[in-house]
Asks: 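Structure in structure tokens, see below.
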Amino acid sequence: MKPVGKGGKIGRLLIANRGEIAVRILHSCQRLGIETVLAVSEADQDSLPARLADRCVCIGPPPPSESYLNISALVMAALATGCDGIHPGYGFLSESASFAEACVQNGLTFVGPPADVLRLVGDKVAAKQIARAAAVPTIPSSPPVADWQEASAAAGKIGYPVMVKAVGGGGGRGIFLANDAAKIRELFAAASQGAREWFGADGGLYVERCLPRARHIEVQVAADRFGRVAHLGERECSVQRRFQKVIEETPAPRLPRLMRTALHKAAVEFARECRFATVGTVEFLVDGDCQEFFFLEMNPRIQVEHPVTEAVTGIDLVSEQIKLATGAPLTFEQAQVEFVGHAIECRITAESPLDDFAPSPGRITAWRPPGTTGIRVDSHCYPGYLISPYYDSLIAKVISHGRNRTEAISRMASALKEFVVEGIETTLGFQRYLIGHADFASAVFHTNWLEDVAGADYRRGRESPVGAY
């Protein structure tokens with residue numbers, strides 16, 4: 001089949017990712033009748049997605065820089081296997097404008113935004129300018145800073161505490177907290193180096209005011225090339241550790257109706273302003289009293305937490321993403337989107353909660369996921385699977401769906417108790433603790449709640465304050 005470039009039918013798709021998101025993309029491709037080729041590193045040749053794909057091609061050694069971040073190897077793999085397009089999943093090259101350009105230059109459809117949009121929304125400073133143009137409130141922040149002195153001067157004007165953030169950041173990486181100038185001086189060199197390692201040419205830094213007791217709420221959007229934009233509701237992402245999300249849910253609890261409506265409208269306006277034409281997420285910080293909200297960033301890709309939105313809307317977001325990449329119109333209108341019930345996602349990682357969440361690579365000796373009613377488990381693991389030290393520690397996502405939040409929490413609690421993983425340390429016990437916490441039941445959390453309250457209690461060995469569930 002001849003490659004189709006920027007749009008057109010995709011008959012064979014290269015999946016340029018690994019783990020549970022590779023399995024998730026495979027499932028949507030099967031439903032769409034698309035052949036799949038999985039790009040794998042030497043460490044992933046016996047993975048579950050490798051077993052499920054129609055074909056696999058090895059792209060290099062285990063280190064991501066030599067495999068999943070190797071643009072030329074991925075493009076060559078797609079061309080050599082007769083693929084029409086490439087799906088980057090999330091992480092790795094999913095927000096790389098250079099990767100998107102390389103795909104198009106070689107006649108391949110990139111399942112995501114074009115390079116110019118990726119550059120626009122990937123630059124966090126430029127994205128704020130788009131938000132202002134769309135009349136969306138933004139957090140006070142600086143232009144890119146060259147050194148710690150510039151960063152300190154900017155922080156002095158903005159007011160402490162501040163976040164020193166990577167211009168091209170995403171996924172919770174490249175974010176550092178500073179309460180004074182001394183801390184900025186101490187962390188600036190490491191922050192610059194980390195930003196370059198994580199985001200390459202987009203390794204610049206800027207300074208932004210920190211809102212320590214805010215809520216992190218994001219809005220799922222989908223848009224086509226004909227100017228149609230729709231939202232699929234919001235997700236509550238405030239339960240996080242070191243800026244990495246731990247539990248997500250939809251709809252966001254304890255959110256006033258007018259605030260919810262305003263967030264949806266702002267997300268749609270932002271997507272329209274940057275001529276977005278795929279599936280993505282617009283992220284916001286909401287102050288503790290739910291009186292104000294501020295644009296945070298846009299993630300122009302599928303999110304780890306997309307299953308909760310799928311649960312309450314019944315829309316296959318990955319399939320929609322693939323169709324939009326071919327130039328097809330949205331398959332639904334805003335008025336057709338219905339929200340049914342409540343959904344929660346718990347991320348299970350191969351980490352040791354009592355050892356400062358140190359990674360726990362090794363072989364899984366027992367794997368028994370839950371079969372509870374209203375539960376979905378997205379994972380790439382199986383008994384005997386070897387957790388590699390080279391990649392992200394996520395091993396499973398447990399998603400519960402109920403008629404309301406009470407039922408969703410109850411089903412999640414049962415599923416986490418039923419889930420058995422042996423041979424490695426995991427965060428299953430920690431998630432059981434969080435889901436049973438009275439604060440979680442009452443939804444009185446904020447972005448620092450996990451580390452300041454729940455996490456601190458857990459490390460001290462205290463029992464979870466029992467909520468209503």
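What you see is a predicted model; the values in this text were computed from it and never measured.
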Asks: Can you pull the salt bridge (charged side-chain N to carboxylate O under 4.0 Å, His left out) pairs that have at least one residue in residues 97-107, sequence neighbours excluded?
Replies: Glu101-Arg119
Asks: Could you tell me if the side chain of Val282 sits less than 4.5 Å from the side chain of Phe276, heavy atoms only?
Replies: no
Asks: Just wondering, are more than 12 heavy atoms of other shown residues or ligands nearer than 6.0 Å to CZ in Arg228?
Replies: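 Buried by this count: over 12 neighbours within 6.0 Å.
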Asks: For the residue pair Ile435 and Ile344, what are the closest heavy atoms and their distance?
Replies: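 Here Ile435 and Ile344 meet closest at CD1-CG2, 4.3 Å.
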Asks: Whether Arg18 engages the ring of Phe92 as a cation-pi pair (distance to the six-membered ring centre under 6.0 angstrom, angle to the ring normal within 45°) should be assessed.
Replies: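 Judged by the rule (NZ or CZ under 6.0 Å from the ring centre, within 45° of its axis), Arg18 is not positioned above Phe92.
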Asks: Mind checking whether His380 and Tyr385 have ring centres under 6.0 Å apart?
Replies: yes
Asks: Flag the pair Glu249 and Arg215 as a salt bridge only when some basic side-chain nitrogen lies within less than 4.0 angstrom of an acidic carboxylate oxygen.
Replies: no
Asks: Could you give me the CA-CA distance, side-chain angles and deciding distance for Thr138 and Arg132, then say whether side-chain hydrogen bond (donor to acceptor under 3.5 Å, both in side chains) is met?
Replies: CA-CA 7 Å; Thr138 60; Arg132 295 185 191 107; 3.3 Å; yes
Asks: Between Val37 and Ile15, is any pair of side-chain heavy atoms under 4.5 Å apart?
Replies: no
Asks: Closer than 4.0 angstrom, basic N to acidic O: yes or no for Arg31 and Asp316?
Replies: yes
Asks: Step through the shown structure and confirm whether more than 12 heavy atoms of other residues, nucleotides or ligands are within 6.0 Å of CZ on Arg185.
Replies: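 Incorrect, the count does not exceed 12.
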Asks: Tell me whether the centres of the aromatic rings in Phe284 and Phe294 are closer together than 6.0 Å.
Replies: no
Asks: Please test Phe295 against Ile139 for side-chain contact (heavy atoms from CB on, under 4.5 Å), starting from the C-alpha separation and ending with a verdict.
Replies: CA-CA 7 Å; Phe295 170 80; Ile139 305 171; over 6 Å; no
Asks: What I'd like to find out is whether the side chain of Asn106 reaches to under 4.5 Å of the side chain of Leu79, using heavy atoms alone.
Replies: yes
Asks: Test Glu351 against Ser360 for side-chain hydrogen bond (donor to acceptor under 3.5 Å, both in side chains), laying out the working first.
Replies: CA-CA 5 Å; Glu351 296 175 322; Ser360 177; over 6 Å; no
Asks: If we ignore angles and hydrogens, is there a donor and acceptor under 3.5 Å between the side chains of His231 and Gln220?
Replies: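 Result is no, nothing qualifies.
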Asks: Locate the shortest heavy-atom distance separating Ala151 from Phe188; write the atom from each residue and the value.
Replies: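 Minimum heavy-atom separation between Ala151 and Phe188: CB-CE1, 3.8 Å.
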Asks: Report the C-alpha separation of Ile59 and Val40 in whole Å, then their side-chain angles, then the decisive distance to 0.1 Å, and conclude whether the side-chain contact (heavy atoms from CB on, under 4.5 Å) test is met.
Replies: CA-CA 6 Å; Ile59 51 169; Val40 295; 5.9 Å; no
Asks: Quick one: pull up SG in Cys29 and CZ in Arg24 and give me the separation to the nearest 0.5 Å.
Replies: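 So the gap between those two atoms works out to 9.5 Å.
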Asks: Do you see a donor-acceptor pair shorter than 3.5 Å between the side chains of Thr281 and Asn299?
Replies: no
Asks: Looking at side-chain heavy atoms only, is the closest gap between Pro49 and Leu26 below 4.5 Å?
Replies: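 Yes - at least one pair of side-chain heavy atoms lies under 4.5 Å apart.
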Asks: If you measure from OG1 on Thr447 to CD1 on Ile217, what distance do you get to the nearest 0.5 Å?
Replies: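 Here the rounded value is 11.0 Å.
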Asks: Which atom pair, heavy atoms only, marks the closest approach of Ala366 to Ile364?
Replies: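 Of all heavy-atom pairs spanning Ala366 and Ile364, the closest is O-CG2, 3.3 Å.
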Asks: Can a side-chain donor-acceptor contact be found between Ser41 and Tyr391 if the only test is distance below 3.5 angstrom?
Replies: yes
Asks: What do the steps show when you test Met412 against Val398 for side-chain contact (heavy atoms from CB on, under 4.5 Å), and what is the final call?
Replies: CA-CA 8 Å; Met412 178 63 75; Val398 181; 3.6 Å; yes
Asks: Find the distance between CG (Asp123) and OH (Tyr206) and round it off to the nearest 0.5 Å.
Replies: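 Here the rounded value is 9.0 Å.
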Asks: For Lys128, does the NZ atom sit with more than 12 other heavy atoms under 6.0 Å from it, leaving out its own atoms?
Replies: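 Yes, NZ of Lys128 has more than 12 neighbouring heavy atoms, counting only those of other groups under 6.0 Å.
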Asks: Taking the basic N atoms (NZ, or NE/NH1/NH2) and the acidic carboxylate oxygens, is any pair closer than 4.0 Å for Glu218 and Lys245?
Replies: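 Judged by the 4.0 Å cut-off on N to carboxylate O distance, Glu218 and Lys245 do form a salt bridge.
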Asks: With no hydrogens and no angle check, just 3.5 Å: does a side-chain donor-acceptor pair link Glu320 and Thr331?
Replies: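 Result is yes, a qualifying pair exists.
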Asks: Using side chain to side chain donor-acceptor pair (under 3.5 Å) as the criterion, point out the one residue from Arg235, His216, Arg347 that pairs with Glu248.
Replies: Arg347
Asks: Would you give the length of the straight line joining atom OG of Ser94 to atom CD1 of Ile86, rounded to the nearest 0.5 angstrom?
Replies: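 If we round to the nearest 0.5 Å, Ser94:OG and Ile86:CD1 are 13.0 Å apart.
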Asks: To the nearest 0.5 Å, what is the distance between OG1 (Thr250) and NE2 (His401)?
Replies: 9.5 Å
Asks: With rounding to the nearest 0.5 angstrom, report the OH to CD distance, Tyr458 to Glu451.
Replies: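 One gets 15.0 Å once the value is rounded to the nearest 0.5 Å.
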Asks: Please tell me if the side chains of Leu416 and Leu428 come closer than 4.5 Å, counting only heavy atoms from C-beta onward.
Replies: yes
Asks: Decide side-chain contact (heavy atoms from CB on, under 4.5 Å) for Val246 and Cys346; before the verdict, give the C-alpha distance in whole Å, the side-chain angles of both, and the deciding distance to 0.1 Å.
Replies: CA-CA 6 Å; Val246 175; Cys346 287; over 6 Å; no
Asks: Does any part of the side chain of Glu236, heavy atoms only, come nearer than 4.5 Å to the side chain of Phe445, both counted from C-beta?
Replies: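 Yes - at least one pair of side-chain heavy atoms lies under 4.5 Å apart.
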Asks: Quick one: do Arg368 and Glu418 make a salt bridge, cutoff under 4.0 Å?
Replies: no
Asks: Below 4.5 Å, heavy atoms only, C-beta onward: do Phe430 and Leu354 meet side chain to side chain?
Replies: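 Sidechains of Leu354 and Phe430: no contact.
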Asks: Could I get the full list of side chain to side chain donor-acceptor pair (under 3.5 Å) partners for Glu345, not counting sequence neighbours?
Replies: none
Asks: For Glu283 and Gln303, run side-chain hydrogen bond (donor to acceptor under 3.5 Å, both in side chains): C-alpha distance rounded to whole Å, both residues' side-chain angles, the deciding distance at 0.1 Å, then the answer.
Replies: CA-CA 11 Å; Glu283 309 207 4; Gln303 291 276 85; 3.1 Å; yes
Asks: Less than 4.5 Å apart, any side-chain heavy atom of Leu14 and any of Val57?
Replies: yes
Asks: Looking only at non-hydrogen atoms, find the nearest pair between Tyr90 and Ile21 and report the distance.
Replies: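 Here Tyr90 and Ile21 meet closest at CE2-CB, 3.4 Å.
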Asks: Test the Arg241-Phe357 pair against the cation-pi criterion, namely NZ or CZ under 6.0 angstrom from the six-membered ring centroid and within 45° of the ring axis.
Replies: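 Ring-cation test returns yes.
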Asks: Considering only residues two or more places apart or on different chains, which pairs with a residue in residues 65-80 satisfy side-chain hydrogen bond (donor to acceptor under 3.5 Å, both in side chains)?
Replies: Asp44-Tyr68, Asn70-Ser72
